[in-house]
Amino acid sequence: MPAITLPDGSVRSFDGPVTGTTVAESIGAGLAKAALAMEVDGQLSDIRQSIKADAKVRFITKKDPESLELIRHDAAHVLAEAVQDLFPGTQVTIGPSIEHGFYYDFFRPEPFTPEDFAAIEAKMKEIVARAEPFEREVWPRDAAIAFFEERGESFKAELIRDLPETEDISIYRQGQWLDLCRGPHLRTTKDVGTAFKLMKVAGAYWRGDHRNPMLTRVYGTAWRDQKELDAYLLQLEEAEKRDHRRIGREMGLFHFQEEAVGQVFWHAKGWRVYSVLQDYMRRAQTRHGYQEVRTPQLVDRGLWEASGHWDKYRHHMFVATVEDEDKTLALKPMNCPCHVQIFRHGLRSYRELPLRMAEFGACHRYEPSGALHGLMRVRGFTQDDAHIFCTEDQIAAETVQFVQMLHEVYQDLGFEHVRVKFADRPEQRAGSEAVWDKAEAALKEACAVAGVEYEYNPGEGAFYGPKLEFVLRDAIGRDWQCGTLQVDLVLPERLDASYVGEDSAKHRPVMLHRAILGSFERFLGILIEQHAGRFPLWLAPVQVVVASIVSDAAPYAQEVAAALRNVGLVAEADARNDKINAKVREHSVGRVPVILVVGRREAEEGTVAMRRLGSQAQEVLTLDQAIATLSHEATPPDLRKKA
RNA sequence: GCUGCUGUAGCUCAGUGGUAGAGCACUCCCUUGGUAAGGGAGAGGUCGACAGUUCAAUCCUGUCCAGCAGCACCA
């Protein structure tokens, strides 16, 4: 006698086990038609599943976010059927829904190409139109293995073998085709709809392990209706337009070339943005009580052995030798061991703690070639790195202060939305279990004190300690992990850092590793994409162009530009013999935030006609007014607050 | 690193087994024009590198390098 409790609190009783379909019908024809699936006691399930006991039931319709996930997962099944129909002999493996869509991994000697997409999509639409019901069956394990083995589906058979004994082997049929799947699914293939599109093919390792065979992955996107699909495709175009590699080239900010793979040639304009950001960070650090240091690029291998990095990362380090000397040095891949050397230099007292040591540390790592990606992943980069040497008692207070500083910085840089993840001990790690217990507990407690809410990111900590990862969201909804705070009880031990306590005995300090931007290179990439190259005035590589209309006004244009430079603005005069239309266009395309147009009139009156990027309006100001307005606006946010 | 794709002028791209083209950008000339492209001329390329096939290779084949997408990696 199952009693079904609905979200509105009403209860319906049935004589025996009932399917969701029946329950929905009992409520109304409209719901029966709209209900795609259901949630039984919080568990998503097929609507045709029968409910045997009392339960809370909620029906999933297209309006619910869960429907998207179902549509995408079912689209993957439809894709797999279409592919096996068109390309016999292709083995199926897995095909989940993902953010924005779905994929399916196939095994086939010949990879697919995007030219195959039209045929596959057409076949998928055919399958959708057939409205095949998704039917769930539970098979005996051995029979399922034998079935897939016989069909030559060895990957599927392997999956079944590895499923826990307790789990049902569920098979979903759609007409003639079937697949091993946990479910749940929609009612029929028709519910998938036609708002899907195959996007790209790529390789992917079987079970995500690089020692396994490479499969061919077909990516698709799927939505509830055409409008959603179109909006998504538009957003992709938008992201492409914001690509920092493209904008970097267009604005002349930086370039890469073969002779220095994965390293940035910063051009004057790009370096200006970099420098402004670095100056800003330096002020923030000073304000928060950091002392800035600088440590060597090339450091003897022995130090890396002592820190444990040689053992774990030697293949990712650039190593240098000198012919006349029997020594191996490595370009530093990180700064911590060097900072410990400064800490160790001379006796340290507990009175000096917490000691906050910062460095804009230039590091080099031999990143795998396939990982390189514009400014986002490079081999030579500069961290806004710092290490806080402190006592265990100071961890919480330092965390509070760091989190506050990080939020200040992100806010000043225009990022409002920040999430935090807590990454705990990885499989490969240094330090005893007891030390890890202590470090994780300390960091958790510090979060509690700092009022930081986090989600877990299990097993993703650094090899020497747990970490907080700070993830910010950009203007078009993408997430970037930038900041980090790590509690390290291991390195101080390994590198023998100590201080003299109140009891005049030696003690081990705790080391907090922290960064806010992560690396300047990557963060500038993010900033470029965040603003689509249209930087706020204080960060813009060229802040103002003074464009003359006639050559009679050229000297005045030079004069105005010089006056702006005198108050610290980055201003250029464009006194070329060209039409004003061409100049306005060129500097607009170049994303210069402010164009001051000057002709005979302005030259005579001592005024400028100001035009802002993205607007066609112009405002005539006296030169003094323009200077006052612009120099205020170009003041970095931290300095403006004080003023 | 793995799989697939790509590599021709600064940029975007066309093209051919007989050593190359367009548009924009660049230089010069004309034009002095009031807010997103005024006109003309010129210059610019070891066709990613190295081998091989061929009478002949930018084009075909192989190796390597780099880039792109995804995977794996990210102290």
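Every chain is numbered from 1, with letters handed out A, B, ... down the list of sequences.
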Worksheet item: When you compare B:rG52 with B:rA14, how far apart are their P atoms, in angstrom units rounded to a whole number?
Response: 31 Å

Discussion item. For B:rC74, does the base pair up with any side-chain atom of A:R377 as donor and acceptor (N or O, under 3.5 Å, distance only)?
Written reply: yes

Discussion item. Within a 6.0 Å radius of atom CD on A:E455, are there more than 12 heavy atoms belonging to other residues, nucleotides or ligands?
Written reply: yes

Item to complete: Classify the side chain of A:R314 and the base of B:rA75 as holding, or not holding, a donor-acceptor pair under 3.5 Å.
Response: no

Worksheet, complete the sentence: Ranking B:rG1, B:rU3, B:rA75 by distance to the side chain of A:M214, first place goes to B:rU3

Discussion item. Let's test your reading of the model: under 3.5 Å, does the base of B:rG1 pair with the side chain of A:Y205 as donor and acceptor?
Written reply: yes

Discussion item. Let's see if you get this right: which residues in residues 257-268 of chain A place a heavy atom under 4.0 Å from RNA chain B?
Written reply: A:E258, A:V261

Worksheet entry | B:rG10 versus B:rG44 - spacing of their C1' atoms, nearest Å | 10 Å

Worksheet entry | Euclidean distance for C1', B:rG42 against B:rG33 (whole angstrom) | 24 Å

Practice prompt. Tell me which nucleotide among B:rA36, B:rA72, B:rU35 gets nearest to the side chain of A:A609.
Written response: B:rU35

Worksheet entry | Check: A:H513 ring centroid to A:Y464 ring centroid under 6.0 Å | yes

Discussion item. Strictly by Watson-Crick or wobble contacts shorter than 3.5 Å, is anything paired with B:rU3, and which nucleotide is it?
Written reply: B:rA69

Worksheet item: Between the base of B:rC2 and the side chain of A:R211, is there any donor-acceptor pair under 3.5 Å?
Response: no

Item to complete: Please report, rounded to the nearest Å, how far the C1' atom of B:rC30 is from the NZ atom of A:K579.
Response: 14 Å

Discussion item. Please confirm whether the ring centroid of A:F87 lies under 6.0 Å from the ring centroid of A:F112.
Written reply: yes

Worksheet item: Which of parallel (below 30°), tilted (30 to 60°) and perpendicular (above 60°) describes A:Y454 and A:F422?
Response: tilted

Item to complete: Would you please classify the geometry between the A:H255 ring and the A:F265 ring as parallel, tilted or perpendicular, with 30° and 60° separating the classes?
Response: parallel

Practice prompt. For the pair A:H531 and A:F535, name the ring-plane relationship: parallel under 30°, tilted 30 to 60°, perpendicular over 60°.
Written response: tilted

